[in-house]
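Along the sequence shown, residues carry numbers from 1. Scope of the values below: all heavy atoms of this structure, side chains included, with no hydrogens, waters or symmetry mates. A quick note: this is a predicted structure, and the numbers were derived from the prediction, not measured.
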Amino acid sequence: MEVEIVPQHRAPKVEPEPSAWRWHDLTGAAARPLRDPLLAVNFLLLAVGASCGPLLLRLYFLRGGARKWLSSLLQTAGWPLLLVPLCFSFSSRRRRRRHRQGGGDDPISGAVFLMTPRLLAATVVVGIMTGADNFLYAYGTAYLPVSTSSILISTQLAFTAAFALLVVRQRFTASTVNAIVLLSVGAAMLGMGSGGDRPAGVTGAQYAAGFGTALGAAALYGLVLPVMELSQAWHAARAGAAALTYTLVVEIQVVIGLTATAFCAVGMLVNKDFQAIPREARQSELGKAGYYLLLVGTAAVYQCFCLGIIGAIYYGSALFAGIIITVFLPVTEVLAVVFFHEPFSGTKGVALGLSLWGLASYFYGEVRHMAPDAEHQSSSCVDRDCEN
């Protein structure tokens, strides 16, 4: 999104009050161009997290793990890893402030944290929602094979589309609708072959509970994504607030991770999971060292997923993030076949093709939508004698 710099000899524009912002102005305030190199980094992080995270979490249960609150905590426990880039960012801001003439009057450049109190409060709420969603997902993963849980989680795209329409007034293009239809059809096709896949040792009641909680996790996460987008958009539209930079996005993810981890830690305390961890490590089929390595690896992989998600919202939208998540679910299916020896039918192959088609359709529509806007902004800048 290009920002026009007003020359000093012109009177600055008077911004409307936050309450006067229209919905499309509000959500557009946080949009970023899809050509930014950091988008590729977020795409890679999201690919690793979405494809490998469910496999590692399922491996925990397959190799003797049984603590659902612990597996919930692992999905956000890697948030301290983000403190390293934040420290570098703060150090860089301080150096620029010292070398910039008159920089001492800029309170934002010297601030340790860029979040405003309102954004912090909204992010804490998102963190609590994320912690609850983690538990629902972990409960479903404990009793369902990876293929079935992936099918159910793929329905988050439909929930995300519905909530994005209600919460942030998401505008649907023909390419977006086409992508949603293709991805939904792929998920439905996978569902056709999911009967009779109840794992050994899992009762019918447990399977039904896992099915319901996995579907509930998809619905709740479909709400979390638009709420994340709305909080970023409100901050971007608020006069006097720090710019919505990638550093601020990382800060948001740190708060979400900390809050969700604290939420799950309370559950672990009540369920006495902390006392059970040493016993599980001794009894695990992976051995004590392998058990702890699995826990650390799962936390790191899921942190890639979390950062990739909030980055996808920063550069695109909640719907964009939902589509990217969905397109990697068939990849998880393939990896489950390789590592867990789950059957891979022709139906799953067709579903994989439909998912890739849906992703290509979405990006094609975005590129077509961006081209006229870029031309219009360029011509407007020439007409107004814009300065760099």
Side-chain angles (χ1 to χ4, degrees), residues 46 49-50 52-58 60-61 67-79 122-144 146 148-164 166-168 187 209-232 252-268 270-271 273 298-299 301-313 318-319 321-326 328-329 332:
L46 192 51
C52 302
L55 298 175
L56 292 177
L57 202 61
R58 180 59 182 163
Y60 164 78
F61 290 109
R67 296 291 160 177
K68 301 175 185 64
W69 279 111
L70 171 61
S71 57
S72 305
L73 180 138
L74 292 177
Q75 297 174 53
T76 50
W79 64 267
T123 305
V124 168
V125 172
V126 172
I128 294 173
M129 295 170 65
T130 302
D133 182 75
N134 289 348
F135 177 75
L136 292 175
Y137 177 69
Y139 196 98
T141 304
Y143 299 121
L144 301 176
V146 174
T148 302
S149 62
S150 296
I151 294 164
L152 295 173
I153 294 302
S154 68
T155 61
Q156 60 84 24
L157 179 62
F159 290 112
T160 300
F163 285 122
L166 295 174
V167 176
V168 294
F211 195 97
T213 53
L215 194 60
L220 181 56
Y221 204 67
L223 175 61
V224 167
L225 295 180
V227 171
M228 284 184 184
E229 180 182 356
L230 182 63
S231 63
Q232 291 187 20
I252 291 173
Q253 181 53 46
V254 166
V255 175
I256 291 175
L258 174 60
T259 306
T261 302
F263 178 89
C264 296
V266 172
M268 289 183 65
V270 173
N271 203 42
D273 282 7
T298 303
V301 167
Y302 267 104
Q303 191 54 53
C304 292
F305 175 80
C306 293
L307 185 59
I309 280 295
I310 200 165
I313 295 174
L319 185 59
I323 288 176
I324 297 299
I325 294 172
T326 304
F328 282 113
L329 292 178
T332 305

For Thr141, what residues pass the side chain to side chain donor-acceptor pair (under 3.5 Å) criterion, not counting sequence neighbours?
->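 Thr141 satisfies side chain to side chain donor-acceptor pair (under 3.5 Å) with no other residue.
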
Atom CZ of Phe211: over 12 foreign heavy atoms under 6.0 Å |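 No, because the 6.0 Å sphere around CZ of Phe211 holds 12 heavy atoms or fewer from other groups.
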
Closest heavy-atom pair and its distance - [X], [Y]:
| X | Y | result |
| --- | --- | --- |
| Tyr139 | Ala209 | CE2-CB, 3.8 Å |
| Thr332 | Val146 | CG2-CG1, 3.6 Å |
| Leu144 | Gly210 | CD1-O, 3.5 Å |
| Asn134 | Cys264 | CB-SG, 4.5 Å |
| Leu73 | Met268 | CD1-SD, 3.6 Å |

Would you find a donor on one side and an acceptor on the other, under 3.5 Å apart, between the side chain of [X] and the backbone of [Y]?
| X | Y | answer |
| --- | --- | --- |
| Tyr137 | Tyr221 | no |
| Thr160 | Leu225 | no |
| Thr259 | Ile256 | no |
| Thr261 | Thr76 | yes |

With side chains defined as the heavy atoms from C-beta onward, is the minimum distance between [X] and [Y] less than 4.5 Å?
| X | Y | value |
| --- | --- | --- |
| Gln303 | Gln253 | yes |
| Gln75 | Leu57 | yes |
| Phe305 | Leu46 | yes |

Could you give the distance from CD (Glu229) to CZ (Phe163), rounded to the nearest 0.5 Å?
->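 Atom-to-atom, Glu229:CD and Phe163:CZ are 14.5 Å apart.
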
Met129 side, atom CE; Leu220 side, atom CG - distance, nearest 0.5 Å |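 Rounded to the nearest 0.5 Å, the CE-CG separation comes out at 5.5 Å.
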
Is the Phe135 ring parallel, tilted or perpendicular to the Trp69 ring (thresholds 30°, 60°)?
-> parallel

Go through the side-chain N and O atoms of Tyr143 and Lys68 and say whether any donor and acceptor fall under 3.5 Å apart.
-> yes

